Structure formats: C-alpha cells, structure tokens
Number of protein chains: 2
Amino acid sequence: MGKKTRTAERRQESLSRERIIKASIEILDGDGEEGLTFRALSDRLATGPGAIYWHIDSKSELLTAACDAIVAHAVDAPVLGMPPEDAICALSLSLFDAIDAHPWVGAALTHAPGQMPVVRILERIGQQVRALHVTDGEEWQAVCALLNYIVGVSRQNAANAQFTRARGLCRSTFLESLAITWSQLDRKDYPFTCDIADQLPDHDDRADFLAGIKLFLSGLRSSN
Amino acid sequence: MGKKTRTAERRQESLSRERIIKASIEILDGDGEEGLTFRALSDRLATGPGAIYWHIDSKSELLTAACDAIVAHAVDAPVLGMPPEDAICALSLSLFDAIDAHPWVGAALTHAPGQMPVVRILERIGQQVRALHVTDGEEWQAVCALLNYIVGVSRQNAANAQFTRARGLCRSTFLESLAITWSQLDRKDYPFTCDIADQLPDHDDRADFLAGIKLFLSGLRSSN
DNA sequence: ACCTGAACACCGTTCAAGT
DNA sequence: ACCTGAACACCGTTCAAGT
C-alpha cells in the first residue's frame with residue numbers, strides 16, 4: 001500500500017505524441033476540461049509532468065490536437081451523393097453531436113481560430129455551399145455564417161450541459177427551475193421571457209440547432 | 001520606494017459590490033480575462049483578497065455580474081419605432097460591438113446560461129421576433145437561433161482578436177500569414193480553403209456577422 | 001534523445017484573528 | 001458587520017540532473 005504501489009504498473013511503451021493525445025482525450029471525456037492537468041496526465045502515463053513537454057509545446061497545443069482528432073472524425077460523415085442542402089444538415093448535425101459528446105471540443109475550437117480543426121469544418125461546409133451556386137460575393141459570407149453558427153451554437157449547447165452537470169443537476173430539473181425563475185420576472189420589463197418560459201423545459205436543443213441551419217439555407221435560397 | 005508606498009493611497013470609501021464590479025471591469029478591459037485575479041483586484045481596491053468574498057460569492061459570479069453591466073447597456077440601443085427587422089439588426093450590431101470592445105463578455109455569456117445577461121438579450125430579440133408575427137411553432141426556434149448566433153459569433157470574433165493580440169500580432173499580419181498557410185494546403189484535400197484563402201485578409205467580421213443575421217431574417221420571411 | 005521530479009511563480013478560496 | 005492576510009491545495013511550466 002502507499003504511493004509506490006503504482007510503480008509496478010510502470011509503462012511498457014515509450015511516450016509519444018499520439019499516446020499523450022489519446023490519454024488526454026480519455027481524461028477530457030471522463031473528467032471534463034478541468035480534469036486535464038499535466039499532473040493527472042503524467043500520472044495516467046506513468047511519468048513525470050516534465051516528460052510531456054518533450055513531445056508537446058503547451059497545454060493549449062495539446063487541447064487543439066485533441067480537438068482535431070475528434071473533429072477529423074466527425075467531419076468524415078458520409079455525404080456523398082446527397083443534395084448539398086442535405087449534406088450541410090448532415091455535417092452540421094454530425095459536428096453538433098460530436099461536440100455534445102465531447103463538450104471540451106467546443107472550447108478548444110474557439111481558441112484555435114484558423115487552425116486545422118476549424119479548417120476541416122470550413123472545407124467540408126465550403127464545398128457544399130459552393131455546390132449550391134450562390135453568387136461569388138455571397139459565398140464567403142454564407143460559409144462564414146454557417147461555420148460560425150455551427151461552432152458557436154454547438155459550443156453553447158455543450159457549455160449548458162457542463163453548467164448543469166457541474167452543479168450536480170440533471171437537465172430537466174435545471175430547466176424547470178429556470179422556467180420558474182423566468183416566469184416570475186416582472187411582466188412589465190420581461191413580457192416575452194415570461195411568455196415563453198413554459199416552452200423552456202421541453203425544448204430540443206438539437207432540433208433548434210437544425211432549425212437554425214434550415215433558416216440559413218432557406219435564406220440563401222430566397223436571396224438567389 | 002518599496003511595497004509600503006501604496007499604503008498611503010489606502011481607500012477612502014468602504015468596499016461594496018458595485019465598487020468591486022466596477023474595478024473588475026476596468027481590469028478586464030485593460031488586461032483581459034487572465035488579468036483579473038483576486039490579488040490584482042484587491043490590490044486595486046487597496047484591500048486583501050479575502051475581503052472581496054464578503055461581497056461576492058465566487059469569481060464566476062463576479063464575471064457574470066460584470067458581464068451583465070455591459071450587456072444591460074448594449075441592449076439599451078434605441079430601436080423604438082423601427083421596423084422589427086431593422087431593430088433586430090440594430091440590437092445584434094450593438095451586442096457585437098459591445099463584445100468586440102469587451103472581449104471577456106463573450107466568455108462570460110457562455111458560462112451563464114439562462115442567467116440575467118442572457119435573459120436581457122432574449123427579451124429584446126424576442127419582442128422583435130414576436131412583432132414579425134411568425135407562426136407560434138416557429139417563434140421559439142427563430143429566437144433561439146438568433147440568440148445563439150449573436151452570442152456565438154460575437155464570442156468567436158472576440159476570441160479571434162484576443163488570440164492575435166496574445167501573440168503580439170496585429171490583425172492584418174495574422175490574417176495574411178494565415179492566408180498563406182491556407183493557400184499552401186494540399187489542393188486535393190482542401191480545394192475550397194485554398195480557393196478562398198485570398199479573401200481572408202480583407203474580410204470584414206462585422207459585415208459578415210450582419211450578413212448572417214440578414215440570411216436568418218430572409219429565411220424567416222420566406223418560410224412564412 | 002528522452003525522461004525525472006523538485007522547484008518556481010502563480011491561482012481561487014478559506015479562515016482565524018482582528019476592528 | 002466588515003476586513004485582514006497568512007495558509008491551503010492546487011495550477012502550467014522550467015530545468016538541472018539523470019539514463
């Protein structure tokens with residue numbers, strides 16, 4: 001018993017960038033963003049915190065690399081042969097689901113503007129928007145809007161889930177208590193919020209997300 | 001000279017929630033998110049770190065309160081008498097500009113789902129969408145999409161600015177070097193990104209943001 | 001070349017002790 | 001009631017020393 005017990009399970013394979021990223025993803029998925037520390041990571045890899053710096057530059061580079069692994073997979077959703085609008089919906093949902101399953105990916109994407117994980121999304125969405133044949137002037141803005149919407153909303157959805165989980169609440173009890181708070185606001189100042197408070201507990205984030213994508217697409221269609 | 005010099009400027013007024021929030025905003029605006037520590041804050045208020053906890057529960061509550069002060073002001077943009085679509089654009093831009101000027105507000109909004117600052121935005125946008133007379137079933141999703149888009153995109157824009165500033169770069173040199181990186185990607189795998197790389201340095205984030213809002217609005221119009 | 005782990009310069013938060 | 005500031009339990013990162 002004691003701190004030496006685990007020396008027995010000293011690692012067999014040597015350290016590598018890939019093994020570090022794999023272990024990071026496991027920690028991030030299991031314990032969330034604040035669970036990933038260089039100490040926890042080096043414990044799991046049976047090494048010292050300093051060893052990791054031989055393979056990785058910084059924590060933020062590590063997060064971006066872990067994020068890229070998830071995004072690369074999510075963006076591989078099969079869209080071949082689909083009409084571009086369906087492909088955009090499928091890609092968007094695939095990313096939404098990936099960020100929902102790995103909430104830390106949302107934050108990592110925000111902190112890596114223009115880096116590889118974002119470029120993967122840009123490319124896939126861009127190809128489909130191009131197939132939509134919008135005017136040259138509109139293409140950039142359409143892709144930007146979609147990209148930003150997808151990342152922004154998925155990230156917000158993931159943050160919401162983390163927020164309730166961090167407080168030890170389940171989604172429905174949190175939304176119900178929030179609905180009560182909203183409905184008790186002063187009707188003079190918050191008529192709309194009071195009104196829709198009762199729609200809060202039963203809404204479907206994924207469906208709302210998709211509805212936004214479809215609004216975009218029908219906006220694009222009508223301006224052509 | 002020495003650490004005792006500043007004892008002379010010991011505070012006159014007693015501590016209060018308002019003074020703490022005001023000082024926090026000054027630090028956040030001046031030194032960014034990582035500049036706000038309880039030590040820096042208590043230095044500026046000429047007190048000890050523990051004193052702040054008499055008035056504020058935690059750092060995250062402090063951030064939410066500071067955020068609310070900025071949002072309350074931004075959401076006060078005059079929209080009386082405007083057609084609802086114009087009002088939505090005006091409110092959206094006012095929020096975009098506020099988050100651009102106070103980048104830390106974006107992060108704070110993400111971490112306070114359903115709290116006061118978010119409700120302020122929800123209410124103002126909701127009132128205008130209601131004036132648009134979309135169908136009952138569509139209203140919630142339209143407001144959600146707009147709210148999420150506004151917060152998500154403004155936040156991403158602010159994060160981009162912080163990213164370049166943290167590296168001591170100016171916006172245009174960063175975008176130009178990013179454009180070069182993009183244009184050097186393998187054309188086989190990244191045809192779209194290679195293609196639009198040259199549009200990156202000269203694009204206007206604020207205009208792109210507004211274009212997205214207008215796509216939403218025209219989507220809403222066409223589905224009515 | 002790669003790893004070790006103590007040490008450095010920080011954090012947010014708590015709490016006994018003061019006024 | 002309100003404030004003080006040392007102390008606690010952490011961080012990411014560095015670096016001399018080892019193999």
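The shown structure was predicted, so the numbers you read here are calculated from the model rather than taken from an experiment. Here is the naming used below: chain letters follow the sequence lines, and residue numbers restart at 1 for every chain.
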Measuring from the side chain of [X] (C-beta onward, heavy atoms only), which nucleotide among [options] has the closest atom?
X       : options               : value
B/Thr37 : C/dA6, C/dG12, D/dG12 : C/dG12
A/Phe38 : C/dG5, D/dG12, C/dA1  : D/dG12
A/His55 : C/dC3, D/dA1, C/dG12  : C/dC3

Atom-pair distance ([atom1] on [X]; [atom2] on [N]), nearest Å:
X       : N      : atom1 : atom2 : result
B/Arg19 : D/dC3  : CZ    : C1'   : 13 Å
A/Leu62 : D/dT13 : CG    : C1'   : 14 Å
A/Lys59 : D/dC11 : NZ    : P     : 8 Å
B/Tyr53 : C/dT13 : OH    : P     : 3 Å
B/Leu15 : C/dT19 : CG    : P     : 18 Å
A/Asp43 : D/dG12 : CG    : P     : 12 Å
B/Ile56 : D/dC2  : CD1   : C1'   : 14 Å
B/Asp57 : C/dG12 : CG    : C1'   : 14 Å

* Structure fact -> When both distances are under 3.5 Å in a Watson-Crick or G-U wobble arrangement, the nucleotide paired with D/dG5 is C/dC15
* To do: Using Watson-Crick or G-U wobble geometry with both distances below 3.5 Å, tell me the partner of C/dC10, or none.
  => none
* Residue closer to the 5' end of DNA chain C, A/Ser16 versus B/Arg39 (nearest nucleotide) -> A/Ser16
* To do: Flag the pair A/Arg206 and A/Asp100 as a salt bridge only when some basic side-chain nitrogen lies within less than 4.0 angstrom of an acidic carboxylate oxygen.
  => no
* To do: Please step through side chain to side chain donor-acceptor pair (under 3.5 Å) for the pair A/Asp29 and A/Trp104, ending with a clear verdict.
  => CA-CA 8 Å; A/Asp29 284 345; A/Trp104 50 273; 2.8 Å; yes
* Structure fact -> Tightest non-hydrogen contact, residues B/Val79 and B/Ala87, listed as CB-CB, 3.8 Å
* Sub-4.5 Å side-chain heavy-atom contact between B/Asp68 and B/Arg120 -> yes
* Asked: Got a sec: does the NE2 of B/His73 have more than 12 other heavy atoms crowding it under 6.0 Å?
  -> no
* According to a strict under-4.0 Å criterion, is A/Trp54 in side-chain N/O contact with OP1 or OP2 of C/dC2? -> yes
* Between A/Glu34 and A/Ala51, which has a closest nucleotide on DNA chain D that is more 5'? -> A/Glu34
* Looking across every strand, which nucleic acid part, if any, lies under 4.0 Å from A/Leu36 by heavy atom: base, sugar-phosphate, or nothing? -> sugar-phosphate
